[in-house]
Amino acid sequence: MKEKLRAAVVGATGMVGQRFVTLLENHPYFELSAVVASSRSAGITYKEAVEGRWKMACPIPEAASSMTVIDAADIDKVASVCDFIFCAVDMKKDEILALEEAYAKAEIPVISNNSANRWTSDVPMVIPEINDSHLEVIASQKERLGTKRGFIAVKPNCSIQSYVPALTPLLKFGIREVVATTYQAISGAGKNFESWPEMVDNVIPFIGGEEEKSEKEPLKIWGEVHGGIIVPAEAPLITTQCIRVPVTDGHTAAVFVNFENKPPKEAILKEWAEFRGVPQLLDLPSAPDQFVTYFEEDNRPQIKLDRDLYGGMGISVGRLRSDTLFDYKFVGMSHNTLRGAAGGAVLIAELLYRKGYLA
């Protein structure tokens, strides 16, 4: 094994940043080399910076605890101690765009959990099992940025991970229309019940900007690379509702789908069972052995039972059946802070590493 690459976490004090810090502990490819946050936390130890707001179930990794937090605006200092960064900052969109591009122009690859660059046409937005081919636009992005090594790659929204993986192998049957209602955990807002007591015994039928992301991002993922940019797919038509529910981790989706050529149920189950991507072929450390797992039981998938499938990186599906208005309906579920956030970004980094983009 070659020497591990040094990874900095920018936005390390937030919930997703904390998850990155835990995932990098004992990682076979990468090691945490710096914790980076706003000027408010800069200059103190990471343990001090997250005191009273550590949201992970496990303790702070020992190696990270004593690290001195670096100011995210000090790009030269961050660049001197890392080979690439994971970015999970809580800032305005225009500020994130400027920050991520500044790191890339400093020749530091950026793997981002943020939404700011998801619709930049030469920035790949990747679910590694589905659209690894989109990484080829990085060459065009480097030309635009004037870089040799620096670039930006992003992870899509957490909500779509609960249904896009299940729909992808069914595209061959001509999906025409999709209706999806997502029931999203409070950790998706970076909170727990202690910090958001209003969510106890409550449901909020609105998550700002979430429905637009959930309807449009799948089309970019299913798009194709032409002329150095990613051209989104024009179909299928997708409509969604996104609802916040009193669950700690795990997003569930109720999905209805119509096809041009309705397949038999057995054909759908076969596609899910055989669905493999490059992460499985390369045996990447964070990749689940089985990307999509179908549960035959009527009461599955369940958040408590299934969100940690394959270390939280597996997609759970169940209740596939015919519908009175649509061809089929089913339920999907994914872990939003693992597959849907930090874990998904780490898997992207592993893919980039194995394909030579982080060399």
Going by distance alone, is a donor N or O of one side chain under 3.5 Å from an acceptor N or O of the other, for [X] and [Y]?
| X | Y | result |
| --- | --- | --- |
| Thr45 | Glu48 | yes |
| Tyr29 | Arg354 | yes |
| His27 | Glu25 | no |
| Thr182 | Arg244 | no |
| Arg19 | Thr337 | yes |
| Thr240 | Glu211 | no |
| Arg53 | Gln18 | no |
| Ser140 | Asp122 | no |
| Asn117 | Glu100 | yes |
| Thr147 | Glu107 | no |
| Asn336 | Gln184 | no |

Just verifying a value: how many Å separate [X] [atom1] and [Y] [atom2], rounded to the nearest 0.5 Å?
| X | Y | atom1 | atom2 | value |
| --- | --- | --- | --- | --- |
| Gln161 | His251 | CD | NE2 | 9.5 Å |
| Leu281 | Arg276 | CG | CZ | 9.0 Å |
| Phe295 | Leu309 | CZ | CG | 5.5 Å |
| Phe84 | Ile108 | CZ | CD1 | 10.5 Å |
| Glu51 | Thr13 | CD | OG1 | 13.5 Å |
| Phe30 | Leu23 | CZ | CG | 11.5 Å |

Taking all non-hydrogen atoms of both residues into account, name the closest pair between [X] and [Y] and its distance.
| X | Y | value |
| --- | --- | --- |
| Pro124 | Ile138 | CG-CG1, 3.9 Å |
| Ile175 | Leu167 | CD1-O, 3.6 Å |
| Gln280 | Ala287 | NE2-CB, 4.0 Å |
| Asp71 | Ser39 | OD2-CB, 3.5 Å |
| Gly150 | Leu145 | O-CD1, 4.3 Å |
| Phe151 | Lys142 | CD2-CE, 3.9 Å |

Any chain of hydrophobic side-chain contacts (each under 4.5 Å) joining [X] to [Y]?
| X | Y | value |
| --- | --- | --- |
| Val317 | Met333 | no |
| Ile207 | Val247 | no |
| Val164 | Val331 | no |
| Val78 | Val16 | no |
| Met56 | Ile60 | yes |

Charged N to carboxylate O below 4.0 Å: is that the case for [X] and [Y]?
| X | Y | value |
| --- | --- | --- |
| Arg6 | Asp83 | yes |
| Glu266 | Lys270 | no |
| Lys105 | Glu101 | yes |

Would you call [X] and [Y] a side-chain contact if the rule is heavy atoms closer than 4.5 Å?
| X | Y | answer |
| --- | --- | --- |
| Ser159 | Glu210 | yes |
| Pro156 | Ile127 | yes |
| Val21 | Leu32 | yes |
| Ser115 | Lys93 | no |
| Pro246 | Met199 | yes |
| Leu305 | Arg300 | yes |

### Query
Going through the checks in order, is the side chain to side chain donor-acceptor pair (under 3.5 Å) test met by Ser316 and Thr293?
CA-CA 5 Å; Ser316 302; Thr293 298; over 6 Å; no
### Working for side chain to side chain donor-acceptor pair (under 3.5 Å), residues Ser187 and Asp249
CA-CA 6 Å; Ser187 57; Asp249 295 302; 2.7 Å; yes
### Query
So, the side chain of Gln290 versus the backbone of Val292: is there a donor-acceptor pair under 3.5 Å, distance only?
yes
### Lys55 NZ: over 12 foreign heavy atoms closer than 6.0 Å
yes
### Message
Applying side chain to side chain donor-acceptor pair (under 3.5 Å) to Gln302 and Arg307, what does each step give before you reach the verdict?
### Response
CA-CA 7 Å; Gln302 290 184 32; Arg307 64 185 165 199; over 6 Å; no
### Query
Regarding Lys262 and the six-membered ring of Tyr328, is the cationic atom NZ or CZ under 6.0 Å from the ring centre and inside 45° of its axis?
yes
### Query
So Glu198 and Lys191, salt bridge (Lys or Arg N to Asp or Glu O under 4.0 Å) or not? Walk me through it.
CA-CA 11 Å; Glu198 297 87 353; Lys191 298 180 180 181; over 6 Å; no
### Task
Describe, in one word, how the ring planes of Phe86 and Phe20 are oriented to each other, choosing from parallel (under 30°), tilted (30 to 60°) and perpendicular (over 60°).
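It falls in the parallel class, under 30°.
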